[in-house]
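Quick notes on the structure that follows.
Order of the sequence lines sets the chain letters (A, B, ...), proteins ahead of strands, with each chain counted from 1.
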2 protein chains.
Amino acid sequence: MNVQLIDKREGIFSATLTLIHENGFHGTAMSMIAKKSNVSIGTIYHYFPSKDNLIQEIYYHCKNELYNYIFETIDKNDSYKSHFFIIFQRFTDFYLKNVDMFSFMEQFYSSPYNDHSYDEKSKYLCHDNKIYDFLMEGIHSGQLKDKNVHILSSACIGGLVSFAKKVLYGKVEYKEQYLTEIIDIIWTGVKK
Amino acid sequence: MNVQLIDKREGIFSATLTLIHENGFHGTAMSMIAKKSNVSIGTIYHYFPSKDNLIQEIYYHCKNELYNYIFETIDKNDSYKSHFFIIFQRFTDFYLKNVDMFSFMEQFYSSPYNDHSYDEKSKYLCHDNKIYDFLMEGIHSGQLKDKNVHILSSACIGGLVSFAKKVLYGKVEYKEQYLTEIIDIIWTGVKK
DNA sequence: ATCTATCAATTGAACGTTCATTCTAGTAGC
DNA sequence: GCTACTAGAATGAACGTTCAATTGATAGAT
């Protein structure tokens, strides 16, 4: 894959994300994507066999970006607790800084596009798994409550996603203090 | 509004909810709704001026159902903590027992249908407000941490919605024990 | 260096389908 | 006979997708 090709793909991704954030999946026509990314409709179909496929690919793209952002350069010497704070701070940060992606992923996740059996590929890219691993580590080292990891994960991720939504929809103004506070609440809940 | 009319409306609501759960907003054509609810397309347009309006009305309908279910017959003598457990247990229960509504509301909430300025009507029906009141009560009586109510609300509702989704999508099997555990985690986090 | 062959990349008009909505006609209850 | 309700074919706009035609780039042959 040459640079040109990557650029086109990224350009289409970026335009699509913006449009879907504004108009939703079905308010976003292929013609709109073409116009916004300065390519023709034909070009989009050169890179992606269908709109559905484009959307799937964007989903994987977003997941990857998130995952890379969260787990980049974690200092192995820090305590588990401080890792916990850093990771979930980044998690929320990412969503708030990449509103298009957040909006897209939320729409995707609760839409029929998200075929829950279709997860072969995402199994290995899926940020959830890395986060699960991190939570498992906490359980095994006795830092977190010994509960089903999905329970812990819900308490962590759910709370932060909900917080990010509220910021996004203007129900709360963003303050770093708030973010620290909610992670603190979650930590208090899940720690042993 | 006579009984007939209410029945028709409810029938259309119910059919639409099922279809949207299966096919999403845009996979659900008016003709499909007509067929499933055993009325003609014309009849739907007699009751609802447009598909958008139908969807808005269903949203209000769902919110009301949820709100009625959660706050029905709360024994004022119980402690705040046990109210907390009952309310959030019912909250999750409702979603798991009314999968169609849950799926619909999640899709709606993160879609452009949900115009966040259009909340005049929902302000007074919105379950969030009742839940906020309940959380505020906890803050003022010294049972909950004295934090911004949106922070507390995110920690509570977010965690449970995420849990409900996991059950729905088959990532965790439902156990009453799990529900108790996650509410316990949340309670530990938000209590003073 | 020039020519040629090959294939990837790009274009956008045209196509066929789908779908929300409209419209006209008919029915049931009062 | 009047009003509220029901019916579903017809309409027309919008959309995803296709395709024939064109350009650009690369590599081998002369």
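- Rounded to a whole Å, the NZ atom of Lys51(B) is 11 Å from the C1' atom of dT18(C).
- For dA4(D), neither phosphate oxygen OP1 nor OP2 lies less than 4.0 angstrom from any side-chain nitrogen or oxygen of Tyr47(B).
- Ring to ring, Tyr69(A) and Phe91(A) are not that close: their centroids are 6.0 angstrom or more apart.
- Shown for residues 21-34 of chain A: residues whose heavy atoms fall under 4.0 angstrom of DNA chain D, namely Thr28(A), Ala29(A), Met30(A).
- Side-chain polar atoms of Lys175(B) and Thr180(B) form no donor-acceptor pair below 3.5 angstrom.
- Between Phe48(A) and Phe13(A), the ring center distance clears the sub-6.0 Å criterion.
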Give me the distances for all protein-to-nucleotides 11-16 of chain C N/O pairs that come in under 3.5 Å?
| residue | atom | partner | partner atom | Å |
| --- | --- | --- | --- | --- |
| dT11(C) | OP2 | Ser40(A) | N | 2.8 |
| dT11(C) | OP2 | Ser40(A) | OG | 3.4 |
| dT11(C) | OP2 | Thr43(A) | OG1 | 2.7 |
| dG12(C) | N7 | Gly42(A) | N | 3.4 |

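- In this structure, His21(A) has its ring center no closer than 6.0 Å to that of Phe102(A).
- The backbone N or O of Gly27(A) lies less than 3.5 Å from no partner atom in the side chain of Glu22(A), so there is not a single donor-acceptor pair.
- Ring geometry, Phe104(A) versus Tyr59(A): the interplanar angle falls from 30° to 60°, so the pair is classed tilted.
- Looking at Lys166(B) and Ser153(A), their side chains do bring a donor and an acceptor atom within 3.5 Å of each other.
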Could you pull out every donor-acceptor pair under 3.5 Å between side chains of residues 77-84 of chain A and any protein atom, sequence neighbours left out?
| residue | atom | partner | partner atom | Å |
| --- | --- | --- | --- | --- |
| Ser79(A) | OG | Ser82(A) | N | 3.1 |
| Ser79(A) | OG | Ser82(A) | OG | 3.3 |
| Tyr80(A) | OH | Phe134(A) | O | 2.7 |
| Tyr80(A) | OH | Gly138(A) | N | 3.4 |
| Ser82(A) | OG | Ser79(A) | N | 3.3 |
| Ser82(A) | OG | Ser79(A) | O | 3.0 |
| His83(A) | NE2 | Asp75(A) | O | 2.6 |

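- Put simply, CD1 on Ile12(A) is 11 Å from C1' on dT10(C), counting in whole angstrom units.
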